[in-house]
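Owing to the predicted nature of the structure, the values given are computational and were not obtained by experimental measurement. Whatever order the structure lists them in is the order used to number ligands and atoms, beginning at 1.
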Amino acid sequence: QQFNQRPIQQHVNHNVVRNPSLYNKPFVESYEETPLLVAVLTYMGYGILTIFGYLRDFMRHWNIEKCSVARERDEQKDFVPLYQDFENFYTRNLYTRIRDNWNRPLCGVPGSKMDIVEQVSHDYNRTFQNTGKIMRDVINMGSYNYLGFAENVGQCADAAIQVTEKYGSGVCGTRCEMGNLDIHQEMEELVARFLGVESALTFGMGFATNSMNIPALAGKGCLILSDELNHASLVLGARLSGSTIRVFKHNNMVSLEKLLRDAIVHGQPRTHRPWKKLLIVVEGIYSMEGSIVRLPEVIALKKRYKAFLYLDEAHSIGALGPNGKGVVDYFGLDPKDVDIMMGTFTKSFGAAGGYIGGKRELIQYLRSHSHSAVYATSMPPPVAQQIITSMTTIMGEDGTSLGADRLRQLSENTTYFRRKLREMGFIIYGNDDSPVVPMMLYMPAKIGAFGREMLKRNIGTVVVGFPATPIIESRARFCVSAAHTRETLDVVRGVRGVSGPLVRPLARASLQRPSIHRATGPESTPLFNTPFTRGIGAP
Ligand SMILES: Cc1ncc(COP(=O)(O)O)c(C=O)c1O
């Protein structure tokens, strides 16, 4: 109740929490409806680009214009096309125009500032050449360096250097063979303690942690219920597993519960046998939306319907919660309620790789059944050491308050940065506590222009458009870091400089009209009508 009594701020809409008893803190997320005029103009923009795309494809077909992207060779002309699909059409005709905004080489640490190799293109972004110059001290608003551990000085770097001197940098073997080092075991014990689970297993790559472990846990006859905005690695893992996949609306508990009910009531198609296994797959923080999973409600549902829960904490581990232990810590829940705790070391820990945490039996099983555990070379020792040192720092086991300071700094920076952008009238998405801050640009032409104009002002941002976002929801995505200072975060002033022609009018226009919020309103009321008490979900 108390959470719904918070004063409604004018500039945002709030998701209404329907089961407040499940939450021990306010849950505030905002998603403004795309203004109609903006939507129309955006579709027109894509329409014009598509018409010109077809026109140019026609000219390429008749060799009037040179085609520089992948195409079938002359000797394959009689074959069915190998490379031609809509994505390739999109790459040729749309992406290439603004490609200079991506793939820029950095030549230093991706800290709060970074150095970027300057490049030019003399053939309309088909190829790039280095100019020999370096763009120094560009403010980095794009790296997932939430706690600022991506550093080349300090205790993490020092420890990693020492370990490199002792072990070298490569392992040259899998965990089952000669690639099982004492430092890996030390790391796994630490990860398990950090997460509050019985056991943990680590992998050299976050992407492979998902894509190779989901197939070890689910297969034919199993049903995976996957959030529509889940990361590609989760989607790939689900597909590789051979399970049936059903997708629920992003963070929408009505949609999830409906799928769960249908699964129980109808069972498998045709035979109507019960599903062998129900596996709900969600993320902690969604990196394109800045939203936080409604974990208390997901846990309540999974208990009620006896489904397993796979939680990917790639962006939330280290970045959320009073102790930096992710979304479980953030909501004050019990880690035992999550069956499979997955996360990566690539973000808050400034390292590489991924982990799975959970019950001892789960980890034992995965050690011998996961392709990633059995067949992939294990993690390089300096990387493992970076994880150990950053994690012990977060836990305060290094005897300093450095970890706690970073956590507090990240939280303050997030609040400050989000508030500043809102005050300036920008449309930003996501949860108030999420360090991932998407700012809406909408139109395709603005993606390129915004990224370039920001870089001219010495600010590096990530801009994102279709197919990574819905077609009319292109955006800039800022990642706030504990390494940012207030002055650095006043890049907002830099944003103001480009906002006039690019973003500001949209924000103002939308403020004058009513807007909707995603996954809210009566239709989002979970179908179960008796609120769960926290931790006691199933009847
Ligand atoms: C939710 C999620 N899971 C998994 C991954 C893959 O992790 P990695 O980049 O460490 O391989 C990412 C990458 O950004 C991610 O966002």
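A salt bridge links Glu397 to Arg193: at least one charged side-chain nitrogen sits closer than 4.0 Å to a carboxylate oxygen. With respect to Arg422 and Asp432, a salt bridge is recorded, a charged nitrogen being found less than 4.0 Å from a carboxylate O. We find that Lys302 and Glu297 are not joined by a salt bridge, their nearest charged nitrogen and carboxylate oxygen being 4.0 Å or further apart. Glu151 and Arg406 are joined by a salt bridge, as a carboxylate oxygen and a charged side-chain nitrogen come within less than 4.0 angstrom of each other. Ion pair Lys446/Glu453 not flagged as a salt bridge, since none of the NZ, NE, NH1 or NH2 atoms sits closer than 4.0 Å to an Asp/Glu carboxylate oxygen.
Taking 4.0 Å as the cut-off, Gly354 does not count as a neighbour of ligand 1 on heavy-atom distance.
At a 3.5 angstrom cut-off on N or O pairs, Asp312 counts as close to ligand 1.
Which of Tyr286, Tyr144, Phe203, Phe207 comes nearest to atom 8 (P) of ligand 1 through a heavy atom is settled by distance: it is Phe207. For atom 9 (O) of ligand 1, the nearest non-hydrogen atom from the set Met342, Lys347, His315 comes from Lys347.
Annotation for ligand 1: atoms under 4.0 Å from non-hydrogen atoms of Thr344 are 7 (O), 10 (O). The atoms of ligand 1 that sit less than 4.0 Å from any heavy atom of Ala314 are 1 (C), 2 (C), 3 (N), 15 (C). Atoms of ligand 1 lying under 4.0 Å from at least one heavy atom of Ser233, given by number and element, are 3 (N), 4 (C).
Residue-level proximity to ligand 1 for Asn210 is carried by the side chain, the only part with a heavy atom below 4.0 angstrom.
Aromatic rings of Phe345 and Tyr355 (six-membered ring for Trp) have centroids within the 6.0 Å cut-off, being under it. Note: Phe349 and Phe149 fail the aromatic proximity criterion, with ring centroids not under 6.0 Å apart.
Annotation: atom 5 (C) of ligand 1 to nearest protein heavy atom, His231 CE1, 3.4 Å. When hydrogens are left out, the protein atom nearest atom 10 (O) of ligand 1 is Thr346 OG1, 2.7 Å; that is the closest non-hydrogen contact.
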